[in-house]
Amino acid sequence: MYLSRRLDDKEIQLKRQNRIFFQISGAGHEAVLAAASRVFRTSHDWFYLYYRDRAVCLGLGMTPAEQLLSAVAAADDPNSGGRQMPSHWGHKDLNIVSTSSPTGTQFLQAVGCAETWLRASADERTADLTPGDEVVLCTTGEGTTSEGEFWEALNSASNLKLPVVFLVEDNGYAISVPVEVNTAGGSISKLVRGYPDLLVLEVDGCDPLASYDALMKAHDYCRLRKGPALVHAKVIRPYSHSLSDDEVHYRSTAEREADAARDPLITFPRYLIDQGVATEAELETVRDQADDEVNVATDVALASPQPALDTIYDFVYSPDVDPTAEQFDTEDDPQFSGDPTTMVDLLNSCMKDEMARDPRILVFGQDVADVSREASLPDVKGKGGVFKVTWGLQKQFGSNRVYNSPLAEANIVGRAIGLATRGMKPVVEIQFFDYIWPAYMQIRNELALMRWRSNNANSAPVVVRVTYGGYLKGGAVYHSQTGAAVFTGIPGLRVICPSTALDANGLLRTAIRCDDPVIFLEHKHLYRQAYNKGAYPGPNFMIPFGKANVVREGTDLTVVTYGAVVQRTVQAARDLHEATGVDVEVIDLRSLNPVDWETIAASVRKTSRVIVAYEDSLSWGYGSEIAARIADEMFHWLDAPVRRVAATDTFVAYAPELEDVILPQVESLRRAMEEALQY
């Protein structure tokens, strides 16, 4: 406890000397955290922490030097390699999963981490992922319990009786906002008592012995698989929120003095002396040793080198598995069998192949199971998703590997991240792209960043399948959305959008076998088209990411496109050829990030004219970046400006006549081709 406080004080000193760049302390929280470090088992249990949790990290085995390496952004910082602010804890060897700044994103990941125990099978490839009695500690301040994901996490943890201890470190303030403003009634533990199988305990978090007893009860309850637990610990915050904050501006003197009287760094030494456990001289020896340790750690940290400048690109993606590599290219050797079938069927067959191959694969989301009430499984045909893509998977692989989630998109992705961090391979479904936005925080700030921010200590190779796009005749505003650029602009994500059944099969297989998070866009309009059917290509058919397909060769003009616009472009090119003899080359990107720039460049050098056609809105859409890069890098090869054909800068309407005007059509594509050729 004292060591933690002295490290805070040292960081404050270093910040004022401009030798570090940020400081946020754990002062006042040390007692309950020191107790937690004596209850939870290092490298056995799992830890999803927040920025006040210095003391528990020390108790679990993180050294003062390792914490100060983070403060000075040293290359050897085990928390993040200098990539995150101090107090964003992470330590692979101690099972401390990388902490991030967004408040509340840890809750659902902790639930997914605990869920690994439930989902791992007896198969030797998954059995080693869980010792069988591990407990997950998920910590938070009381302010963060206002986040919706806190309630989603409690719901799923209670529903599945998962071994998660939620430790709420209630210091009374979320920066300057007092607890009664954040929480109805001022007590989070009173609000959550209705959750079934949730053990709720309240404790004085400034008393390390009472905290130990409460946390031990919670740990035992979870270890015995009785359900989750919530420990509401009342602590203090003797320092301001951070060095960017001054609590004198919003807290009265009397209030701050009352907190100071409860400071465990004052009250607990007195208790030890009163009980005859220690003498003042012995306590002074403890303090002197801790001070010496802090001073040595400071010297080590300040002398440690900063990260090399050329390391910034390290670990954006997996350093071990490259989905663009030749090992993922079996496209030229398909083992066809059966009659041509739809994209739905070939996506389904890919998942069946992969789930049979790898027991770590889990499929979950909204309505993806055949049935939730398992007793009905023999008597019903099965749901298998709104579009039947996952139909039959539950019947073949069981309800432990294929199951429905709550109607909550963040819940799906957040839990998937926790499962993937432990070594499972979630392939999750978001039912409609239009409703992916509640999960965007988890995707942008957690899924994509996990590997990079932890300096490769953690990763989350989740596949997020999501239906996408318009051309539905009645899809309207909320069932026709696109917006690939929202995801392709995020480093760390692979983004895929196949236009044919065969491509969908091969690219999904690559997505599942690669080691990076993948957003897999499945265009609803293409699910059951006759023109894009394909025969089953065998269980090892893969298409590498970043490999475009030239679906129509030509010499006069290049059109770069993807998704449902591909077939319309091909048709426009055929019509133009029949009328004029002009040959238009059509490139189906298939992979939106990474992009096959070599194929694009080779085509532009051949034709000297290019159109980028896409279903996103014209302005700021995905094709704008493609067009800009072609203009930047291929300018000397161009005989005409780069043209874009895309949706209008509006929304997709319900009326079919309006939808036809809003989205790119064969006629608008042909007009653009003619104009580009006339330039």
- request: Kindly indicate, with the supporting measurements, whether the criterion side chain to side chain contact (heavy atoms under 4.5 Å, CB included) is fulfilled by Phe433 and Ile519.
  value: CA-CA 11 Å; Phe433 184 90; Ile519 302 294; 5.8 Å; no
message: Is there a salt bridge (Lys or Arg N to Asp or Glu O under 4.0 Å) between Glu169 and Arg54? Walk through the geometry before answering.
response: CA-CA 13 Å; Glu169 302 165 37; Arg54 183 187 301 280; over 6 Å; no
task: Report the C-alpha distance between Arg357 and Asn540 in whole Å, list the side-chain angles of each, state the deciding distance to 0.1 Å, and finish with yes or no for side-chain hydrogen bond (donor to acceptor under 3.5 Å, both in side chains).
output: CA-CA 10 Å; Arg357 180 187 64 84; Asn540 200 42; over 6 Å; no
field: salt bridge (Lys or Arg N to Asp or Glu O under 4.0 Å) between Lys395 and Asp370, worked out
entry: CA-CA 7 Å; Lys395 287 186 177 181; Asp370 290 310; 5.8 Å; no
message: For a side-chain hydrogen bond (donor to acceptor under 3.5 Å, both in side chains) check, start with the C-alpha distance between Gln394 and Ser399, then their side-chain angles and the critical distance, and finish with the verdict.
response: CA-CA 6 Å; Gln394 181 188 11; Ser399 301; 2.8 Å; yes
- request: Take Asp133 and Arg223 through the test side chain to side chain contact (heavy atoms under 4.5 Å, CB included) and record every step on the way to the result.
  value: CA-CA 5 Å; Asp133 68 340; Arg223 182 177 53 82; 4.0 Å; yes
- request: Start with the C-alpha distance between Leu447 and Val464, add both sets of side-chain angles, then the distance that settles side chain to side chain contact (heavy atoms under 4.5 Å, CB included), and finish with yes or no.
  value: CA-CA 10 Å; Leu447 181 65; Val464 181; 4.2 Å; yes
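A distance-only check finds a donor-acceptor pair linking the side chain of Ser43 to the backbone of Asp93 [under 3.5 Å]. Remark: the backbone N or O of Gly26 is paired with a side-chain donor or acceptor of Asp8 at under 3.5 angstrom. Counting only distance, with no hydrogens or angles, the side chain of Asn456 and the backbone of Arg451 share no donor-acceptor pair below 3.5 Å. For Lys383 (side chain) and Trp391 (main-chain N/O), no donor-acceptor pair under 3.5 Å exists by modelled atom type. Arg225 places a side-chain N or O within 3.5 Å of a backbone atom of Cys222 that can act as its donor or acceptor partner. Within the 3.5 Å criterion, the main-chain N or O of Gln366 finds a donor-acceptor partner in the side chain of Gln431. In this structure a side-chain-to-backbone donor-acceptor pair under 3.5 Å is missing from Asn182 to Val179. Put simply, the side chain of Gln67 never gets that close to the backbone of Ala297: no donor and acceptor are under 3.5 Å apart. Ser4 places no side-chain N or O within 3.5 Å of a backbone atom of Met1 that could act as its donor or acceptor partner. Side-chain atoms of Arg83 never come within 3.5 Å of backbone atoms of Asn455 as a donor-acceptor pair (strictly under, hydrogens ignored).
Environment of NZ in Lys92: sparse, with no more than 12 heavy atoms of neighbouring residues, nucleotides or ligands closer than 6.0 Å. Within a 6.0 Å sphere centred on CH2 of Trp117, other residues, nucleotides and ligands contribute more than 12 heavy atoms. Within 6.0 Å of CD on Glu180 lie more than 12 heavy atoms contributed by other residues, nucleotides or ligands. In Arg373, the CZ atom is not crowded: 12 or fewer heavy atoms of neighbouring residues, nucleotides or ligands sit closer than 6.0 Å.
Between the side chains of Asn411 and Ser405, no donor-acceptor pair is found at a separation under 3.5 Å. If you check the side chains of Asn458 and Ser98, you find no donor sitting under 3.5 Å from an acceptor. Checking Gln109 against Thr105 by side-chain atom types alone, no donor-acceptor pair falls below 3.5 Å. A donor-acceptor pair shorter than 3.5 Å cannot be found between the side chains of Thr126 and Asp123. Judged by distance alone, the side chains of Ser101 and His88 do bring a donor and an acceptor atom under 3.5 Å apart. Side-chain contact, Arg41 with Asn95: no donor N or O sits under 3.5 Å from an acceptor N or O.
Here the shortest heavy-atom pairing between Pro228 and Lys161 reads CD-CA, 4.2 Å. Looking at every heavy atom in both residues, Leu69 comes nearest to Asp76 through CD1-O, 3.8 Å. Shown here for Ala31 and Pro264, the closest heavy-atom pair between the two residues is CB-CB, 3.8 Å. Leu493 and Tyr317 make their closest contact through O-OH, 3.5 Å (heavy atoms, listed as atom of the first residue, atom of the second, distance). Here the shortest heavy-atom pairing between Ser100 and Pro102 reads OG-CD, 3.3 Å. Closest non-hydrogen pair, Gly365 versus Ile412, comes out as CA-CD1, 3.9 Å.
The side-chain heavy atoms of Leu137 and Asp45, taken from C-beta on, include no pair separated by under 4.5 Å. Residues Lys352 and Leu393 are in side-chain contact: their nearest non-hydrogen atoms beyond the backbone lie under 4.5 Å apart. A heavy-atom distance below 4.5 Å is not found between the side chains of Val427 and Glu354. Using a 4.5 Å heavy-atom threshold, the side chains of Asp259 and Asp263 count as separate. You'll find the side chain of Met85 stays beyond 4.5 Å of the side chain of Ile24, heavy atoms only. Contact of the Glu115 side chain with the Met424 side chain is not registered, since no non-hydrogen atoms from C-beta on lie closer than 4.5 Å. Side-chain contact check for Asn404 versus Val368: some heavy-atom pair is nearer than 4.5 Å.
Between atom CG of residue Leu215 and atom CG of residue Leu201 there is a gap of 8.5 Å, rounded to the nearest 0.5 Å. Rounding to the nearest 0.5 angstrom, the gap separating the OG atom in Ser189 from the NZ atom in Lys234 is 7.0 Å. Expressed to the nearest 0.5 Å, how far CZ of Arg422 lies from OG1 of Thr116 amounts to 4.5 Å. In this structure, the separation between CD on Glu30 and CZ on Arg52 is 11.0 Å, given to the nearest 0.5 Å. Remark: Leu94 CG to Leu60 CG distance equals 6.5 Å, nearest 0.5 Å. Note that the CG atom of Asn505 and the OG1 atom of Thr510 stand 9.5 Å from one another [nearest 0.5 Å].
Aromatic ring pairs are classed by plane angle as parallel below 30°, tilted from 30° to 60° and perpendicular above 60°; the pair Trp437 and Tyr440 is tilted.
Looking at Arg415 and Glu149, no side-chain N of the basic residue comes within less than 4.0 Å of a carboxylate O on the acidic one, giving no salt bridge. A salt bridge is absent between Lys425 and Asp358: the closest approach of a Lys/Arg side-chain nitrogen to an acidic carboxylate oxygen does not fall below 4.0 angstrom.
For Phe397 and Tyr403, the ring centers sit 6.0 Å or farther from each other.
Geometrically, Arg38 does not engage Tyr212 in a cation-pi contact, judged by NZ or CZ lying under 6.0 Å from the ring centre and within 45° of the ring axis.
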